[in-house]
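Notes for the one structure printed next.
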Protein chains: 2
Amino acid sequence: MITDLHLDVRGPGLRAGLTHALREAVRMGRLAPGTLLPPSRSLAADLGVSRNTVADSYAELVAEGWLTARQGSGTRVARRAEPNPADPPAARTKPAQRPAFGLQPGSPDLAGFPRRAWLTAARHALTAAPHDAFGYGDALGQVQLRTALADYLARARGVYAEPERIVVCSGFHHGLALTAQALRTRQVRAVAVEAYGLDHHRGLLTGAGLRTPPLHVDEHGARIDDLARLRGVGAVLLTPAHQHPTGGTLHPDRRTAAVDWACSTGGLIMEDDYDGEFRYDRPPVGALQGLAPERVVYFGSVSKSLAPGVRLGWMVLPEELVPEIVAAKGHGDYMTSALGQLTLAEFITSGAYDRHVRSMRLRYRRRRDELVTALARRAPAVRVTGLAAGLQAVLELPRGTESSVVRAAAREGLAVTGIAAFRYEPAGSDRESPRRDALVVNYAAPPDSAWACALDTLCRVMP
Amino acid sequence: MITDLHLDVRGPGLRAGLTHALREAVRMGRLAPGTLLPPSRSLAADLGVSRNTVADSYAELVAEGWLTARQGSGTRVARRAEPNPADPPAARTKPAQRPAFGLQPGSPDLAGFPRRAWLTAARHALTAAPHDAFGYGDALGQVQLRTALADYLARARGVYAEPERIVVCSGFHHGLALTAQALRTRQVRAVAVEAYGLDHHRGLLTGAGLRTPPLHVDEHGARIDDLARLRGVGAVLLTPAHQHPTGGTLHPDRRTAAVDWACSTGGLIMEDDYDGEFRYDRPPVGALQGLAPERVVYFGSVSKSLAPGVRLGWMVLPEELVPEIVAAKGHGDYMTSALGQLTLAEFITSGAYDRHVRSMRLRYRRRRDELVTALARRAPAVRVTGLAAGLQAVLELPRGTESSVVRAAAREGLAVTGIAAFRYEPAGSDRESPRRDALVVNYAAPPDSAWACALDTLCRVMP
């Protein structure tokens, strides 16, 4: 039995402090397993606290499993099956050295996030919400947001959208995962994807047990006529308004062909409308979904129009698919904040969303024009494509120079992404994609303070 | 060819209005597939607009697939493979008739959500955040929140928590789904669960391909000694602080036994600490996780302490499991709002969270005491258990009366849940759980305005 127990009793309240100190002494091994603790009466006298304080502390630690108390044998430190780590482990991964500038695709200008307008919307939304809105939500999402989206999507994107067929999600990743799960439940085995796209999205599909045969991509988007040649394909994932990342718009004939394929085979078109709001030289091309609402799953989000960190997106579904997506969600809204949904609803209905998109469209168009002008002057051999819309442009490079340009940029502190990072050529696919060397340049992302310097560096490393 | 085309041109901008009107005419079938449209020159004259306006509209609708244009054959309405629904379909499901009062488990008092304090935290957090915080986040979650949680969980719940082993999620549902996925990747085949619990949680596990053999539950929580008898179990899901819904606290010997089982078999304990903050008559029982941080996955959330609609929770993981959960999350934070995370971090570090929990604890204790007093006076034969903690109590009923009491309550407009709704007896389990008749009464949920009446009705329908 130990009698002299040095404990640093601190923290809010004597008992809580004593309990904490004892727990730490056991955790750190200063009190070894099996050690008999002093009777509560004597420890209380030592510490100058009441006996009850000590007895309560002991009881609490017994209840937690740190100590054991047996009739007639006093209170002991419990035998523990495992020592606890005394020191936090060393950091597992060092943060990668960050380049000074980045023009990689994926993010809008985060400095443009409308903090003040968002907070105003949050205040209005949270003040007006009924108490029920803070509970477990409906699997479809908050009705205020679905109503606001139905109006917005019909108006701005030509989507046939009723609130009853809109399902709110946390962004495209979440929506794609839910759809993949529903497709698997339908016994779909394969989803055709564009031969240029994000690894990450294909990984979600293959992770759900779906094969992902590729469709070749040219300047008019995905080659839809290849669909008929692929076996067992139950759906196709497309970026019709602005192919990601090559930048083409799906040709009208191919839009029709995709709808025909879906109608004649019972297949689904998954339309990723990731940057539909941003088109500069003419009105946006409306969503493919409007042509065949019962055959298209339409995906949108605020990740490009506001910021990825808002984590809000939406799916507009064929009516018959709604129950299957609700089942995939677990018959409730377990992912997406009600507070965020209500705030976005207010943000849209108040007109703040339209204003923000308009203002960012001007900003991004200016950036795009500066990019084109600078390249024309300083690297006239480089052809720039995919310029009509979105946040990025494709800079076509001479054959065989892509990786050396990426490396040269990195040496100058500029992170850029070659188009090879998006090429998808699974083993065993029948034909190779035509090779091309290019950079995918996100001119929208850098803050204003970094843009001029990033652009200068980019021009300097062009071949 | 039609020459007289009545179009209601409205909306912002002539061209946009014309495009919208034409699109709707095609969608609604007023312009049949194949119909030849008037030349742009003549329609422009009819409408009194410039020829370019009409030509641009036609071009846009061709790009969208509504119209087709062929050299020498004019512009026609595209052949469409599918008619679009002209009217919104009838509502699929009628909202269920809602009872006047509800005492079903699951929700805290939603009227208690601290709207004003939350908005204050949001303002501070959003104003202070660096631009980067609005981008795609780290898979672990925002570091500000993980740091705040590490401090809070160590202090309030005795959790061994470093920010590097905390993963933010959207609540227990999300955390459980991620863990189930990681367990499947580890080739785990079965997770033992408590014989009383939520169907919904078991469904998540079975949906991931895991068997869920049950452990019997008595007044000291789950019978951990049954674990050794179950074959192929790689993890066990427990509610140690307050068994859900029967209300017992896991006995100290069983806490130790669970840790011993985990250490000797390499199994994992999944600790659902769903209402750990709310304990009324003594300090909360600390988390089991503190005893064996490398063998316990600890889950917590704000769903009971703030509101389910916030959709924020956390997991504290064994260090070796962190990369597996990060992989299950898709190596990024695709689910949980950065804005919400930063707001919660500020809410915790400012002390608002502690204040809110304290104030709700007082409110819920008062409710609990009123429930006990009223039942003792008006239904003295009913034994009330599970009272020490949480938001609900178990009212033990005479044998065979549970379903008739639930029905009687419903007739009076009071929704209550019998304990049978939580009993889990899979086909082929070796022994039946001891039968009991009881109600699980969530005294925390009703707003103050409804509580007196709900309590009165509850007492009136007691046998």
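Just so we're on the same page: letters track the sequence lines, and every chain starts at 1. Heavy atoms only: backbone and side chains are in, while hydrogens, waters and symmetry mates are out.
In this structure, A:His173 has its ring center closer than 6.0 angstrom to the ring center of A:His200.
The two atoms that bring A:Ala241 and A:Val285 nearest to each other are CB-O, 4.5 Å, heavy atoms only. Between B:Ser337 and A:Val310, the closest heavy-atom pair is CB-O, 3.7 Å. Of all the heavy atoms in B:Thr336 and B:Asp333, the pair that sits closest is N-OD1, 3.2 Å. Nearest heavy atoms, B:Tyr334 versus A:Arg311: O-NH1, 3.0 Å.
Looking at A:Ser301, its side chain never comes within 3.5 Å of a backbone N or O of A:Gly313 through a donor-acceptor pair. A donor-acceptor contact shorter than 3.5 Å is absent between the side chain of B:Gln142 and the backbone of B:Gln341. Here the side chain of A:Gln289 pairs a donor or acceptor atom with the backbone of A:Tyr160 at under 3.5 angstrom. With B:Glu319 contributing its side chain and B:Glu294 its backbone, the two residues share no donor-acceptor pair below 3.5 Å.
Of the atoms belonging to B:Leu288, not a single heavy atom falls under 4.5 Å from chain A.
Highest contact tally toward chain B, considering only A:Leu204, A:Val62, A:Thr256, A:Leu67, is held by A:Val62 [criterion: heavy-atom pairs under 4.5 Å]. Of the listed residues (A:Ala177, A:Gly207, A:Gly171, A:Gly135), the greatest number of heavy-atom pairs within a distance under 4.5 Å of chain B belongs to A:Gly135. Of all the listed residues (A:Arg254, A:Arg123, A:Arg116), the one sharing the greatest number of non-hydrogen pairs under 4.5 Å with chain B is A:Arg123. In terms of heavy-atom pairs under 4.5 angstrom with chain B, the leader among A:Arg115, A:His251, A:His331 is A:Arg115. No other option in A:Gly332, A:Ala154, A:Ala129, A:Ala262 has as many heavy-atom pairs under 4.5 Å with chain B as A:Ala129.
Contact residues of residues 107-114 of chain A toward chain B are A:Leu110, A:Ala111, A:Phe113 (heavy-atom distance under 4.5 Å).
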